[in-house]
Student: 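First the structure, then my questions, so here it is.
Naming: A, B, ... by sequence-line order, numbering from 1 per chain.
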Amino acid sequence: RMDGKEVLWLPGTDHAGIATQNAVEKALKKAGEIKHRDDLGREALVAKIWDWKEKYGGIIIQQLKKLGASCDWSRERFTMDPEYSRCVQKVFVDLYQKGLIYRGKRMVNWCPASLTALSDEEVIMKEQKGLLYYFKVEVAEAPGTFLTIATTRPETIPGDTAVAVNPKDPRYAALIGQHVIRPLPAELPREQKLIPIVGDEHVDFEFGTGVLKVTPAHDKADFEIGARHHLAAIEVIDAAGRMNDAAGADLRGLDRFKARKVASEKLAELGALEKEEPYTNNVGFSERADVPIEPRLSEQWFLKYPSTEKSQAVVATGEMKFHPDRWAKVYDHWMGGLQDWCISRQLWWGHRIPVWYRNGETHCGLEAPAGEGWVQDPDVLDTWFSSWLWPFATMGWPEQTETLKKFYPTTDLVTGPDIIFFWVARMIMAGYEYMGEPKFGLPNAMPFRNVYFTGIIRDKQGRKMSKSLGNSPDPLDLIAKYGADALRFGVMRAAPLGQDILFDEQNVELGRNFCNKLWNACRFRQLQGGEVQGEINPQLLTGDDKWILLRLDAVIRELNAAFAEYKFSDATAALYRFFWNEYCDWYVEASKAAFSSPDEARKANTLAVIDFVLSHTLRLFHPFLPFITEELWHGMGYSTDMPEEQGGQTIMFAPWPKALEDDIKEFYSLSTEAVAFVEARNDLIVQGRNLRRAGNLQAGKKVKYVFHPTAPIAAHDVEVLKLLLNAENVEVVSAYEPKKGTPAVRTTLGDLYLPLEGLIDVEAERARLTKEVEKDRAEIAKVEQKLANPNFTQKVPPAVLEEHQKRLADWQAKLAHDQAALEALG
RNA sequence: GCGCGCUUAGCUCAGUGGUAGAGCAUUACCUUCACACGGUAGGGGUCGCAGGUUCGAAACCUGCAGCGCGCACCA
């Protein structure tokens, strides 16, 4: 809907074309111009579409231009792509000549009246409230003996060509081979009403009366029974859903649902109807036309799948990988039970079937044969019959173009698991059939090496997003509200590999907040001033600098690992943690100590580290946050010194960050020992902040701490302590005798005191410490229990044993400290 | 009927053998000069149930229950 008017989107080809046809049909029906698509025809339909384009196209173009899109309305664009269509035809002809394509009669789901409004009867059908009709038939060889049959579809009785019973059913087995007298059409002479009683395993003893009427022309299961027993198939319902002449005088010309009622009345009149009982129908409905589907015997084109063995094996052996791999099982299961593919469709839009007829002759080829009177098959091909050629037909096949050689096979296909069979499996088969290695010298013929299956986004109730439910949020609205990057990041972060996700706007909000954090962190760097600092002086690196460089190294490795496994939500989570919790929460805060000092060299070096980290971070974020990172890449000046094709022009071309090599780590002295101190100091800070609770101090209140270190501590680190503890001062002492009740923590770096000069809430602190002691004891008990088990100490790997012993020692030390603090409270 | 998933904090979900995690929500405190779309510190979980394997199970095996999806069937 645009400008309050209902308009049509008129897309060019294939799948979208089918949607177009349906939309046009629906619209014309609504406008009362046609009753059924048969009323229109191919040429008229295309003309109508063109007419509507003239009428409404302007509005569409206007809207598209507003969005900055270009739009080509030439008539050529509005048809099937001729080159692609040529590929489709070639493949059809090839498969036909190989004998894999054949014409056959099969039961297909038919939409008899796709454009008519639902009749009352159809509404009843839709509610699945039907009736089960019980009627009796006389056994011809034994007059006076009757069989009772239950059916939901009495209107198809004229099409019955047998009744079936289970040969193991003792009630009826003896009757097999005899005949019954079919009640309808009533006007036929007796000999034309005789139909055989056949034995078939398919018949369920339990259902109804155990006697099944067999209508091969109008039921899929019955068609199969008919095939097994060589029964005739009598059609009684025509393509429009109306009863035909074969249905007899009483039903002829009636709508199929009207006919049902009339047939039951006729049975009653004949004294054959025994009873009717309510029955919950389970009738298929056409999603598009919203009418009950009619199984109908119909002449269609079928394809025996080619290259099935290779296609099944390539996934089973893991040569082609599915992500997540559980879909490989689904694929294998389906490939093991392939049924021939019905490739013809009775639609106006699509690739035409390249077959011509003349007086009983059939010709399959790219062109109509010479001579008069050839008529092309009116059907079009299933849309997937063109789609399955997509990996190569888009690139010039069958010519060996450079593009084709370069991009076939491709590495990854990204798609939804709901089209594994429709599309993925068929592309693999077409790949093997048409891109075999001898011709192209390819390492193998598979169209792609990996298939990544996305999850499906559902609404909060777990329903699929759908137009008819109207439960899909408009991405444009979300982008307007939160930004495109926020939408992308939020959704990726929430979507674990292969799992459906419930859409929640909060995820997008999270993305927005993250972008905001990134923006502000970059702003912080800019407010410190100075040019982009390229050179890091290893001599001037602080522990924090080394720590953040190693964290950066770690996150690059995590990211690479996540990408290798297609775990994009892991990748976003790692980035989120690194940037927010490690860089912003710790490094940026600690760096403020450097910026507040008068040491210009250290300031410059800190800026260099920040520039190094941010320029890497922006590139790491770019696949997830393409817009904001591009903006910041230029805004921060990181593009300035880059060669044009390596990030000077756009961050898209900037090299992907590599994890730090060992020699770089050595050059900057980035050892694990170097960062152990930082982590211990951060632990000290967290515990120090905790002490504030003892005094019930407000977070903003500046306080004095006293620190008694176990080893000398650099002035810079004391400054960091002061900043991050939000302290007025941190007094470093070589010995300290705290007053009774002074809150304190003991860490590996030393003891930290918060002298509160009587402000302490003794009871609150006692409660806190008591709780801590309880927790310490519980943890100690857990570890001790394990260590006391000889099985554990003997069988466990040394590293795990060591880790447990250390854990025990740590908890015991903490317990001792907490108990001492508790006693000190008095 | 066949096949495939899921069940972990109030919610949505990570976590494939070694101290139970994230985001949101929630509690207290804080508008401190990158950011209140923010900061600091908390609270909150017998990991669906029952067995088994193991020194050790949220994870592996078996069974059960509940929820969901796909395919088939539906006289």
Side-chain angles (χ1 to χ4, degrees), chain A residues 132-133 149-153 156 160 163-164 202-204 207-215 219-222 225 279-284 324 326-327 329-330 332-334 337 417-418 420-421 456 458 460 462 464 482 486 490 493-504 506-507 509-528 567 569-570 573 576-577 581 584-585 588-589 592 685-686 689-690 692-693 696-702 723-726 779 782-783 786-787 789-797 799-801 803-804 807 810-811:
Chain A
L132 195 55
Y133 303 85
I149 304 173
T151 181
T152 57
R153 307 189 59 190
T156 63
D160 291 351
V163 296
H202 170 84
V203 180
D204 182 354
F207 193 92
T209 59
V211 184
L212 168 65
K213 69 189 222 32
V214 182
T215 324
D219 182 278
K220 199 171 177 187
D222 289 6
I225 296 175
Y279 180 74
T280 306
N281 281 86
N282 193 357
V283 180
R326 63 188 166 86
W327 291 113
K329 276 187 267 178
V330 177
D332 196 61
H333 190 245
W334 188 72
D418 48 340
I420 287 181
F421 312 134
I456 295 171
R458 298 170 179 278
K460 276 191 181 172
K464 269 192 194 181
Y482 298 103
R493 192 189 153 281
L497 174 59
Q499 284 296 122
D500 289 358
I501 64 162
L502 305 187
F503 181 81
D504 189 337
Q506 281 186 341
N507 288 324
E509 200 176 329
L510 174 114
R512 190 264 322 258
N513 294 353
F514 188 64
C515 289
N516 187 55
K517 190 77 177 175
L518 177 62
W519 185 265
N520 279 303
C522 287
R523 211 161 74 92
F524 170 78
R525 159 65 186 90
Q526 287 182 308
L527 289 175
Q528 305 312 318
K567 293 184 172 175
S569 59
D570 284 14
Y576 187 97
R577 185 215 65 229
N581 303 127
C584 290
D585 288 352
V588 170
E589 293 306 321
K592 288 174 183 172
I685 289 165
V686 170
R689 285 166 175 167
N690 243 316
R692 288 170 168 271
R693 299 210 309 168
N696 214 0
L697 297 174
Q698 292 187 325
K701 183 161 171 118
K702 298 267 184 189
L723 260 169
L724 270 60
L725 285 168
N726 193 25
E779 292 296 334
K782 266 203 300 199
V783 184
K786 277 190 169 184
L787 288 169
N789 184 345
N791 276 324
F792 177 78
T793 48
Q794 282 160 25
K795 294 188 183 178
V796 84
V800 176
L801 181 60
E803 190 269 326
H804 276 76
R807 199 193 303 167
D810 289 349
W811 281 113

Student: Could you list, one pair per line, each protein nitrogen or oxygen that sits under 3.5 Å from a nitrogen or oxygen of nucleotides 2-4 of chain B, together with the distance?
Tutor:
none

Student: Between B:rG18 and B:rG48, how far is it from one C1' atom to the other, in whole Å?
Tutor: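 Here B:rG18 and B:rG48 have their C1' atoms 24 Å from each other.
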Student: Parallel, tilted or perpendicular, judged at 30° and 60°: which one describes the rings of A:F792 and A:H804?
Tutor: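 Ring orientation of A:F792 relative to A:H804: perpendicular.
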Student: Quantified in whole Å, what is the P atom distance between nucleotide B:rA9 and nucleotide B:rA41?
Tutor: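 Each nucleotide's P atom is 25 Å from the other's.
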Student: Using the P atom as the reference point in each nucleotide, state the distance between B:rC60 and B:rC4 in Å, no decimals.
Tutor: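 Those two atoms are separated by 16 Å.
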Student: Do nucleotides 25-36 of chain B as a string where each nucleotide becomes B, S or -: B if the base has a protein heavy atom under 4.0 Å, S if just the sugar-phosphate does, - if no protein is that close.
Tutor: ----BS---BB-
Student: Tabulated below should be each protein N or O lying under 3.5 Å from an N or O of nucleotides 14-18 of chain B; please produce it.
Tutor:
none

Student: Quick check: closest heavy atoms across A:L724 and A:R689, and the distance to 0.1 Å?
Tutor: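 Heavy atoms of A:L724 and A:R689 come nearest at O-NE, 3.0 Å.
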Student: Which atom pair, heavy atoms only, marks the closest approach of A:A486 to A:G511?
Tutor: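 A:A486 and A:G511 have their closest heavy atoms at CB-C, 3.6 Å.
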Student: If you assign A:R692 and A:V203 each to the RNA chain B nucleotide with the nearest heavy atom, which residue ends up on the more 5' nucleotide?
Tutor: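 Its nucleotide being nearer the 5' end, the pick is A:R692.
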Student: According to a strict under-4.0 Å criterion, is A:N513 in side-chain N/O contact with OP1 or OP2 of B:rG38?
Tutor: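 Checking A:N513 against B:rG38: at least one side-chain N or O falls below 4.0 Å of OP1 or OP2.
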Student: At 4.0 Å (heavy atoms only), tell me whether A:L212 reaches a base, stays on the sugar-phosphate, or touches nothing.
Tutor: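 Base, at least one base atom sits under 4.0 Å.
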Student: With C1' as the reference atom in both, quote the distance from B:rC71 to B:rG23 in angstrom, rounded to an integer.
Tutor: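 That atom pair is separated by 36 Å.
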Student: Using atom C1' in both nucleotides, what's the gap between B:rU12 and B:rA65 to the nearest angstrom?
Tutor: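 Here B:rU12 and B:rA65 have their C1' atoms 24 Å from each other.
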Student: Identify the two heavy atoms, one from A:L723 and one from A:K592, that lie closest to each other, and give their separation to 0.1 Å.
Tutor: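 In this case the closest contact between A:L723 and A:K592 is CD1-C, 3.6 Å.
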Student: Within less than 4.0 Å of OP1 or OP2 of B:rA41, is there a side-chain N or O belonging to A:R689?
Tutor: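 Yes, A:R689 has a side-chain N/O under 4.0 Å of OP1/OP2 on B:rA41.
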Student: Can you tell me how far P in B:rG43 sits from the matching atom in B:rC69, rounded to whole Å?
Tutor: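 Each nucleotide's P atom is 39 Å from the other's.
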Student: Base, sugar-phosphate, or nothing for A:D219, non-hydrogen atoms under 4.0 angstrom?
Tutor: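 Contact class for A:D219: sugar-phosphate only.
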Student: Between B:rG15 and B:rG3, how far apart are the P atoms? Round to whole Å, please.
Tutor: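 It works out to 26 Å between them.
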